[in-house]
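Sequential numbering from 1 along the given sequence is applied to the chain's residues.
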Amino acid sequence: MKRFFTRIWRWLDDRIGINSLVRPLVDHPVPPRGLWTYVFGSATLFMFVLQVVTGVALSLLYQPSSANAYQSLEFITYQAKFGNVLRSVHFYGASAMIILVGLHMMRTYITASYKYPREMNWISGVFLLLFTIFMGFTGQLLRWDSNGVWSSVVAAQQLGRVPFFGKYLARLLLGGDTIGGHSLTRFYSYHVFIIPTFIFLFIALHLYLVFRHGISELPKAGRPVDPKTYRKWYEEYLKKHAVPFWPNAVWRDVMFSSVIVILIILFAWFKGAPALTTEPNMTYIHTSPNPDWYMVLFFALFALMPHKIESAAMTIGPVLTVIILLVIPFLSNKGERSPIRRPWAMFGVICVFVFVI
């Protein structure tokens, strides 16, 4: 039997070239210290795969039409075998993905891994964070209950306040001047086709850049990054200290990601999917939408602002935040990476962490 499978493997390898493709990835050298600090990135990838698998399974029963969407979700939640668990895993997996991509970026910022030559690693990661948040936002409307629909209406109203282009951006989001069945179709396309395509592309770019520039070593006080000498130093460092990606790093990634997946499944099994609210009624305007937790921060922040600056803050705040994130590696692409030597950076991370919590 072993000889039989060996012959099959050799035949496939000869025709496809599996070894020549996988071997460089398996033998890729990585720094020996701090491998547990890199598990957030791989766990985020695991969560995305989990979202794709559960999303495809849900699409087999979900009907993306205003007449049937709510009833199809009721069927999935309350009647389909293991439907409630499946929907729960998809829901909590989305939250886990947002948390993990946030932790991965915080770890990258704390260790200043965005510095030369990994500026594009950081930039691609910023786009992945934005796509992940937008993925979660578009998923709210697909429930087609009053909570998801009115949360989307509020978001469209905020987007409409953008000077000059607000009306057109809101129309692009909703697929028209008002929310309706066309909006559900538009959000379904965003959630199932458009955003996942961009996530796949940017994940491929991100992984390519990781293999091109290598995984950043743990920072050390008094060892600044100098673009003129870093590449040569890094190559010599890997020759002396590096370990192969398999099995030294892989087992940590798999173990941590497996624990997260198991926790999500257990949580989904015992907690269940979030209850659907009533069917959307656009004639009933006295409602108080309750968006998912990762959108509450934005809603609450804008709600607490004085009315006079609310429109300006809605317009400038998110754009300025994204711009700051994108220019960070260009403002500081060399110098110290150690958190000890970067107290203001650590203070900023603590403030963001407390603010989000």
Side-chain angles (χ1 to χ4, degrees), residues 21-45 100-130 201-250 252-253 256 321-350 352:
L21 177 65
V22 176
R23 182 58 59 183
L25 306 180
V26 170
D27 294 336
H28 184 75
V30 297
R33 297 176 56 245
L35 292 178
W36 281 109
T37 63
Y38 301 104
V39 296
F40 298 119
S42 57
T44 304
L45 179 59
L100 288 169
V101 73
L103 290 174
H104 181 54
M105 291 197 68
M106 289 178 68
R107 196 279 308 168
T108 302
Y109 183 75
I110 289 172
T111 59
S113 298
Y114 56 81
K115 291 182 183 288
Y116 177 89
R118 302 180 180 89
E119 296 93 338
M120 283 302 300
N121 298 53
W122 172 266
I123 292 174
S124 60
V126 171
F127 279 103
L128 284 172
L129 172 65
L130 297 176
L201 292 174
F202 274 82
I203 285 177
L205 173 63
H206 196 72
L207 292 177
Y208 165 74
L209 292 172
V210 169
F211 283 101
R212 173 176 171 79
H213 301 299
I215 297 176
S216 61
E217 75 288 352
L218 283 183
K220 182 180 179 180
R223 191 174 65 195
V225 173
D226 185 352
K228 297 180 181 179
T229 60
Y230 178 79
R231 285 190 183 275
K232 182 178 180 181
W233 176 88
Y234 184 73
E235 291 176 1
E236 294 177 353
Y237 173 82
L238 290 181
K239 289 179 182 179
K240 294 180 180 178
H241 306 288
V243 295
F245 181 69
W246 173 274
N248 296 275
V250 170
R252 292 176 172 84
D253 293 341
F256 181 78
T321 301
V322 173
I323 291 175
I324 291 174
L325 288 174
L326 291 175
V327 302
I328 281 176
F330 301 102
L331 295 176
S332 177
N333 73 328
K334 60 182 179 179
E336 287 286 350
R337 288 183 52 212
S338 173
I340 300 175
R341 299 291 181 88
R342 299 164 52 244
W344 283 110
M346 289 299 302
F347 176 75
V349 170
I350 295 172
V352 170

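Judged by a 6.0 Å distance limit and a 45° cone about the ring axis, Arg118 is positioned over the six-membered ring of Tyr234.
Atoms CZ and OG1, from Arg252 and Thr37 in turn, are 10.0 Å apart once rounded to the nearest 0.5 Å. One distance of note links CD1 of Ile123 with CG of Leu128; it measures 12.5 Å at 0.5 Å rounding. Summarising the geometry, atom CG belonging to Leu207 is positioned 9.0 Å from atom CG belonging to Leu25; distances are rounded to the nearest 0.5 Å. With rounding to the nearest 0.5 angstrom, the CE atom of Met120 is 5.5 Å from the CG atom of Leu205. Taking NZ from Lys334 and OH from Tyr230, the interatomic distance works out to 16.0 Å, rounded to the nearest 0.5 Å.
If you check the side chains of Tyr116 and Arg231, you find a donor sitting under 3.5 Å from an acceptor.
The side-chain heavy atoms of Phe256 and Ser42, taken from C-beta on, include no pair separated by under 4.5 Å. Between Asp253 and Phe245, some side-chain heavy-atom pair lies under the 4.5 Å cut-off. Within the 4.5 Å cutoff, the side chain of Pro244 has no heavy atoms near those of the Val26 side chain. Annotation: side chain of Met105 is in contact with side chain of Val126 (closest heavy-atom distance under 4.5 Å). Counting heavy atoms from C-beta outward, Ile110 and Met346 have side chains that approach closer than 4.5 Å.
Remark: Leu326 CG is packed, more than 12 non-hydrogen atoms of other residues, nucleotides or ligands lying under 6.0 Å away. Applying the 6.0 Å contact sphere to OH of Tyr208 captures no more than 12 heavy atoms from other residues, nucleotides or ligands.
Of all heavy-atom pairs spanning Leu218 and Arg223, the tightest one is O-NH2, 2.8 Å. When all heavy atoms of His206 and Asn121 are compared, the pair lying nearest together is CE1-O, 3.0 Å. Considering every non-hydrogen atom in both Ala221 and Arg341, the closest pair reads CB-NE, 4.0 Å. Residues Pro339 and Pro219 share a closest heavy-atom pair of CD-CG, 4.1 Å. The two residues Leu209 and Ser124 make their nearest non-hydrogen contact at CD1-OG, 4.2 Å. The two residues Ser113 and Arg107 make their nearest non-hydrogen contact at OG-NH1, 3.4 Å.
Using bins of under 30°, 30° to 60° and over 60° for the plane-to-plane angle, the ring pair Tyr109/Trp122 lands in the tilted bin. By the 30° and 60° cut-offs, the orientation of the rings of Phe347 relative to Trp344 is perpendicular.
Partner Glu217 forms a salt bridge (Lys or Arg N to Asp or Glu O under 4.0 Å) with one of Lys240, Lys115, Arg33, Arg337 and no other, that one being Arg337.
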Please test Leu201 against Phe127 for side chain to side chain contact (heavy atoms under 4.5 Å, CB included), starting from the C-alpha separation and ending with a verdict.
CA-CA 11 Å; Leu201 292 174; Phe127 279 103; over 6 Å; no
Steps toward side chain to side chain contact (heavy atoms under 4.5 Å, CB included) verdict (Glu236, Lys232):
CA-CA 6 Å; Glu236 294 177 353; Lys232 182 178 180 181; 3.6 Å; yes
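Formation of a donor-acceptor pair under 3.5 Å by the Ser332 side chain with backbone atoms of Pro329 is not found in this model. Panel note: side chain Glu119, backbone Tyr114; no donor-acceptor pair is recorded below 3.5 Å.
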